[in-house]
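Structure first, then comments.
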Amino acid sequence: MTFHRQRIAVVGVGIMGSAIARRLLECGHAVSVFDPDKAKVQALQAQGAHAAPTAADAAAASDFVITSLNAAAVVERALFGENGVADAPADAQRLVIDMSSIDPPSTRRLAQTLRERTGMGFVDAPLSGGAPKALLGQLTVMAGGSVEDVTRARAVMDSLCANYTHMGESGAGQTTKLVNQLLCAIGFQAVAEAVRIAEAGGVDASKLPAALAGGRADSQILREFGPKMAARDYTPTGRLDNMLKDLEAVQGFAQGQRLPLPLAGIVSELHRTFVAAGLGPEDTAAMMRQFDGYARG
């Protein structure tokens, strides 16, 4: 597929941000990157990215700014802190696309503040699929914002997504991501338990995805994480502490609405246990340590 070359800044190049930047470079876009971790920036610079000294400089060189960060407070600093995106020369045509997973109220506040201060549009575009799908351009993205801004963002999203859906006004994308994360967290725990049951019964757990393919128990999580969990393969694709952050956002929303979500409570407590045991930075598959012992290694 041929993509129209766009000028894109990526602010925050951790696991997800670097995968997004790499995919955009492969698609032929002009990519500027900024992250306080210079080693991460240098790795992308070696692949053709422009290393910007500040978020403001990255934004100034770009028509689209992607943020991929792990908390609302970090997104706020990237946008409005010293030398943040909002400090770039004013350009109402520049569009911020926040691919972080943060809470909906913070998203609405950040979008409004950005527009009032700079005139820039803002799309909340949280994703599902992780770094592997980002590298393939097969992310699922649920977007919130005005029709105009969400449509404009397609110039970038077409390089990253297999499924890009406008869910409503600002914050709607993040609300949909809470739904996604709740389903994923429950699914991860279900697959972990299924793998352990299979092992206890003398079954090769790596065969579960093939054995259950096409049935009601089949799922993308089973196909992707069943073999990883069976092999105790903890190669990073997503962090347990990031999932806990999202589950706490789910619980906060539910409490505000007085919604009973018993499974959300259970998987949240499990993730708190993982993080308390020091597994926060590890891959989702490391939740198998609940059966094997929590020592890292």
Any side-chain heavy-atom pair of Phe122 and Leu79 under 4.5 Å
yes
With sequence neighbours excluded, tell me which residues meet ring pair (Phe, Tyr, Trp, His ring centres under 6.0 Å) with His271.
Phe274
Taking distance alone, no hydrogens or angles, what donor-acceptor pairs closer than 3.5 Å link side-chain atoms of residues 47-61 to residues at least two apart or in another chain?
residue	atom	partner	partner atom	Å
Gln47	NE2	Ala43	O	3.4
Thr54	OG1	Ala56	N	3.4
Thr54	OG1	Asp57	N	3.0
Thr54	OG1	Asp57	OD2	2.8

Under-4.0 Å salt bridge between Arg108 and Glu169:
no
Are the side chain of Arg94 and the backbone N or O of Ser62 linked by a donor-acceptor pair below 3.5 Å?
yes
With side chains defined as the heavy atoms from C-beta onward, is the minimum distance between Leu110 and Val75 less than 4.5 Å?
yes
Before giving the answer on side chain to side chain contact (heavy atoms under 4.5 Å, CB included), spell out for Ile8 and Ile66 the whole-Å C-alpha distance, their side-chain angles and the decisive distance to 0.1 Å.
CA-CA 7 Å; Ile8 306 166; Ile66 292 175; 4.0 Å; yes
Quick one about Thr107 and Asp124 (side-chain donor to acceptor, distance below 3.5 Å, no hydrogens or angles considered), yes or no?
no
Where Gly14 and Asp35 come nearest, the two heavy atoms and their spacing:
N-OD2, 4.2 Å
For Ile97 and Ala153 the tightest heavy-atom approach is CD1-CB, 3.8 Å
Treat each ILVMFWY residue as a node, draw an edge where side-chain heavy atoms are under 4.5 Å apart, and state whether Ile102 and Leu69 are in one component.
yes
Carboxylate-amine/guanidinium contact Asp63 Arg7, below 4.0 Å
yes
Any side-chain heavy-atom pair from Met287 and Met229 closer than 4.5 angstrom?
yes
Does any N or O in the side chain of Ser18 come within less than 3.5 Å of the main-chain N or O of Ile15, such that one atom is a donor and the other an acceptor?
yes
Using the test ring pair (Phe, Tyr, Trp, His ring centres under 6.0 Å), find all partners of Phe253 that sit at least two apart in sequence or belong to another chain.
none
Taking Asp283 for the side chain and Ala286 for the main chain, is one N or O donor matched with an acceptor at less than 3.5 Å?
no
Check whether more than 12 heavy atoms from other residues, nucleotides or ligands sit under 6.0 Å from atom CD of Glu82, and answer yes or no.
no
Salt bridge present between Arg109 and Glu76 (N-O < 4.0 angstrom)
yes
Show your working on side chain to side chain contact (heavy atoms under 4.5 Å, CB included) between Val85 and Met120 and close with a plain yes or no.
CA-CA 10 Å; Val85 171; Met120 282 189 272; 4.0 Å; yes
Under the rule for salt bridge (charged side-chain N to carboxylate O under 4.0 Å, His left out), what residues qualify as partners of Asp218, not counting sequence neighbours?
Arg223
Please determine, by modelled atom types, if Asn163 and Thr165 share a side-chain donor-acceptor pair under 3.5 angstrom.
yes
Shared ILVMFWY cluster between Leu114 and Phe64, side chains joined below 4.5 angstrom?
no
Note: Ile20 and Ser68 closest approach over all heavy atoms is CD1-OG, 4.3 Å
If you look at every heavy atom in Ala134 and Met16, which pair is closest and at what distance?
CB-CE, 3.9 Å
Linked, directly or transitively: Phe291 and Val267 (ILVMFWY side chains, under 4.5 Å):
yes
Using side-chain heavy atoms (C-beta onward) and a distance below 4.5 Å, is Thr237 in contact with Pro132?
yes
Do the side chains of Pro104 and Leu178 get nearer than 4.5 Å, heavy atoms only?
yes
Determine yes or no for a side-chain-to-main-chain donor-acceptor pair under 3.5 angstrom, with Thr273 supplying the side chain and Glu269 the backbone.
yes
With a 4.5 Å cut-off on side-chain heavy atoms, are Lys245 and Ser101 touching?
yes
May I have the list of side-chain donor-acceptor pairs in residues 190-211 shorter than 3.5 Å, sequence neighbours left out?
residue	atom	partner	partner atom	Å
Glu193	OE2	Gln189	NE2	2.7
Arg196	NH1	Glu199	OE1	3.3
Glu199	OE1	Arg232	NH2	3.0
Glu199	OE2	Arg232	NH1	2.7
Glu199	OE2	Arg232	NH2	3.4
Asp204	OD1	Ser206	N	3.1
Asp204	OD1	Ser206	OG	2.6
Asp204	OD2	Ser206	OG	3.3

Would you mind checking if Asp149 and Arg152 are paired as a salt bridge, meaning a charged N to carboxylate O distance below 4.0 Å?
yes
Val179, Leu259: one ILVMFWY side-chain cluster at the under-4.5 Å cut-off?
no
Same cluster or not: are Leu183 and Leu270 linked, directly or through other Ile, Leu, Val, Met, Phe, Trp or Tyr residues, by side-chain heavy atoms under 4.5 angstrom apart?
no
With Cys184, the side chain to side chain contact (heavy atoms under 4.5 Å, CB included) member among Asn180, Ile186, Leu182:
Asn180
Are side-chain heavy atoms of Leu44 and Val13 found at a separation under 4.5 Å?
yes
Matching residue for Asp246 among Gln181, Gln174, Gln251 - test: side-chain hydrogen bond (donor to acceptor under 3.5 Å, both in side chains):
Gln181
Nearest non-hydrogen partners of Glu26 and Leu135, listed with the distance:
OE1-O, 3.9 Å
Chi angles and distances behind the side chain to side chain contact (heavy atoms under 4.5 Å, CB included) call for Arg239, Thr284
CA-CA 6 Å; Arg239 293 169 55 121; Thr284 298; over 6 Å; no
Answer yes or no: is there a donor N or O on one side and an acceptor on the other, between the side chain of Lys133 and the main chain of Leu160, under 3.5 Å?
no
Got Tyr234 and Lys228 here, is their nearest side-chain heavy-atom distance under 4.5 Å?
no
Please test Val10 against Leu24 for side chain to side chain contact (heavy atoms under 4.5 Å, CB included), starting from the C-alpha separation and ending with a verdict.
CA-CA 10 Å; Val10 180; Leu24 293 172; 4.1 Å; yes
Distance-minimising heavy-atom pair for Leu279 and Leu240
O-CD1, 3.5 Å
Mark yes or no for whether His29, through its side chain, and Gln6, through its backbone, hold a donor-acceptor pair below 3.5 Å.
yes
Sequence-distant partners of Tyr164, ring pair (Phe, Tyr, Trp, His ring centres under 6.0 Å), two or more places apart:
none
